Amino acid sequence: MKKYITTPIYYVNDVPHIGHAYTTIIADTMARLYRLQGHDTFFLTGTDEHGQKIEEAAKQRGFEPKKYTDEVSAKFKNLWDSFDISYDRFIRTTDEDHKLIVQNVFSKMYEKGDIYKGEYEGFYCVSCESFFPQNQLIDGEYCPDCGKPTRILKEESYFFKLSKYENELLKWYKDDERCILPKSKKNEIVNFVKNGLKDLSITRTSFGWGIKLPANLNEPKHVMYVWLDALINYISALGYTNGDEKMGYWDSAVHLVGKDILRFHAIYWPAFLMSLGLELPKSVAAHGWWTRDGVKMSKSIGNVIDPKEVADAYGLEQFRYFLLREVPFGQDGDFSQKAFISRINSELCNDLGNLLNRIVGMSKKYSDYEIDSKDVFNFYKDEIDSANSLCKSALESIDEFATSKYLEEIWKILNLANASIAKYEPWNLIKEGKSDEANALVAMVSNLLAKVAILLSPAMPKSAEKIADVLNFKIETSSYKKLVENGDIMSFKSKDTSPLFERVEAPLLKDKVAKKEEDKKVQEEEKTQIIKIDEFKKIIIKVGTILECENIEGSDKLLKFQIDLGEEKPRQIISGIAKYYKPEDLVGKQVCVLANLKPAKIFKHLSEGMILSADDGKLTLLSTLNKVENGAIVG
Ligand code: ME8
């Protein structure tokens, strides 16, 4: 069977962040699962590069739009490559084939009578590249989606007859149970459409950075509305009207999107497809939004999460696991390092990593790494049956994109495996001479682990592969069919391994907010002149005996000392204490000297340190209570 999965194409007005990574990692997980199941899969991602927002972002940075989009688009592509995202095409809306197909689509709709010319006046949000009726604006002025100020635009425009498709859309929502996922999101869309759809303005004349209209229309002032241009990527990538080379995938299309752009995908896009006479997507699946420590991410707060930074700090596999596991699909989620670390330590290290180590250890001890499954069904049929039904429910969950529920079900298999070891105590079985039972237990748990590794492989490919390597089997369609679909078991030969995951003791990332706080603390400490012990340790104070002391000619403040600091030769030190002491009273006395002060010339005399004194209006030299060895360190 063919499978087609897409992510949104991301705007290049900014660099990739955790939200983009989330969508892309879910889509990648789905694509890997489809391939594992044996489906002929096409996975599409890319960048959305036209429109006023991009034109303005380029201008602000002093670039031509194309040069700017080349640069930012490459950042997305490089990030996905470094994350080993298994896309089949990375499409750019500036690709020549895409531009041609957008024009073809426009012509088709025009010829069908679904596009007409008119004039548009309305409130436009550049950030969302979207018009809003005034009654939807916040305080009559601000965008209801992003809260930024809107602009009034009045321009000649071509319109798409969206209103014509109102009933057909409502019928689709009603007839096709899975058209919008999670199903709870469908009502919002149905209500929006029931409130009445206005025709959609699909060209702009107020800026130039967009795809031109088909040449035969002779409209050089107009460029395509960026959302028409962008949505068409889903069929242009398959060669629609341009050889149709991959259109075979189209009937299985699933669009994965964030909740912010569900309206575009569940209303405009199917209406465009209806106009073209194409099949509608199998599902538009909308996930929720990520916040950080409960706060919306924004550049001005400085709490935007760079996915590369997180993956570098914690590991890509751990990052994938956390994103997929932390939030139920469709709900908003919060990225907190505390929650992340807790999942790594308890779920990845304890539940999974330790289990693998224990099984290898037991198989080594009981059966010289041979894990023979011949007796598993005799002794542990119930456990295998339970694991098989958990595999089924995991697959039912992922069918609705519920990645969190999917992993939860997989972890139930791990819990069953861990609980079985505790329950049957194989070490006692061995002692009691029941080695068949003990070996069957190790084999049963190994089979549970193998089923887990196969199911986990789309989400955590590298870790799953390592488990399979340790148990000496391959994760591929045939093992998926055998162990997961058919609920069968197999025998293994294990080998020694290093821990799958490392424990994390403290947060590994400092965001700009935390950094700011830390800088503030340092500044405050500097103000109160608090120093750290390390800073104090840099100061070397020694006790020494004054060997000689004399006045300096021409100065009534300075005295010149020769002091024995227990070094090869005495140090010469110049000190401004002539007002308080007579030279002859000081000879033979022990004083404290700052010994690692940079030498300086004072009144033409070299001074190689500083004699310490207490200042309460007059200076009193510091000494020790008892006589000590010259060179003794004060600290
Ligand atoms: O909307 N949490 O592009 P975009 C979760 N070009 N997901 C988030 C997120 C967050 N905080 N922030 C962004 C566009 N996303 C259009 C799409 S498609 C034909 C055109 C994810 O760069 C989420 O998937 O603004 C959202 O839908 C997408 O990034 C928007 O990316």
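Keep in mind that this is a model prediction, so the values were computed, not measured. We count ligands from 1, going down the list as the structure has it; atoms in each ligand are counted the same way. Hydrogens, waters and symmetry mates are skipped; everything else that's a heavy atom, side chains included, is used.
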For [X], counting its heavy atoms only, list the atoms of ligand 1 lying under 4.0 Å from any of them.
X: Thr23; result: 21 (C), 23 (C), 24 (O)
X: His287; result: 5 (C), 7 (N), 23 (C), 24 (O)
X: Tyr234; result: 18 (S), 19 (C)
X: Asp48; result: 6 (N), 16 (C), 20 (C)
X: His265; result: 18 (S), 19 (C)
X: His17; result: 9 (C), 12 (N), 13 (C)
X: Ala230; result: 19 (C)

Of the protein's non-hydrogen atoms, which lies at the shortest distance from [atom], and what is that distance?
atom: atom 17 (C) of ligand 1; result: Ile9 O, 3.2 Å
atom: atom 10 (C) of ligand 1; result: Trp289 CD2, 3.5 Å
atom: atom 1 (O) of ligand 1; result: Ile261 CG2, 3.5 Å
atom: atom 31 (O) of ligand 1; result: Tyr10 CD2, 3.6 Å
atom: atom 2 (N) of ligand 1; result: Trp290 N, 2.9 Å
atom: atom 29 (O) of ligand 1; result: His20 CD2, 3.4 Å
atom: atom 3 (O) of ligand 1; result: Tyr11 CD1, 3.3 Å
atom: atom 9 (C) of ligand 1; result: Gly19 CA, 3.5 Å

Should the ring pair Trp290 and Phe322 be called parallel, tilted or perpendicular, given that the plane angle runs from 0 to 90° and is split at 30 and 60? tilted

Any salt bridge between [X] and [Y], counting N to O under 4.0 Å?
X: Arg178; Y: Glu400; answer: yes
X: Asp114; Y: Lys161; answer: no
X: Arg89; Y: Glu245; answer: no
X: Asp176; Y: Lys282; answer: no
X: Glu409; Y: Lys412; answer: yes

Please state which part of Asp260 comes within less than 4.0 Å of ligand 1, counting heavy atoms only: side chain, backbone, both or neither. side chain

Classify the contact between Trp227 and ligand 1 as side chain, backbone, both or neither, using a heavy-atom distance cut-off of under 4.0 Å. side chain

Aromatic contact between Tyr116 and Phe159, with the criterion being ring centroids under 6.0 Å apart: yes or no? yes

Ring centres under 6.0 Å, that's the criterion: do Phe106 and His222 meet it? no

Can [X] and [Y] be counted as having a side-chain donor-acceptor contact under 3.5 angstrom?
X: Thr205; Y: Glu155; result: yes
X: Tyr11; Y: Glu49; result: no
X: Arg35; Y: Ser86; result: yes

Inspect the surroundings of CD in Gln136 and state if more than 12 heavy atoms from other residues, nucleotides or ligands are less than 6.0 Å away. yes

Can you tell which of Cys146, Gly258, Ala286 gets a heavy atom nearest to atom 27 (O) of ligand 1? Gly258

Ligand 1 contacted by Lys259 (non-hydrogen, < 4.0 Å): no

So is Gly288 touching ligand 1 or not, going by heavy atoms under 4.0 Å? yes

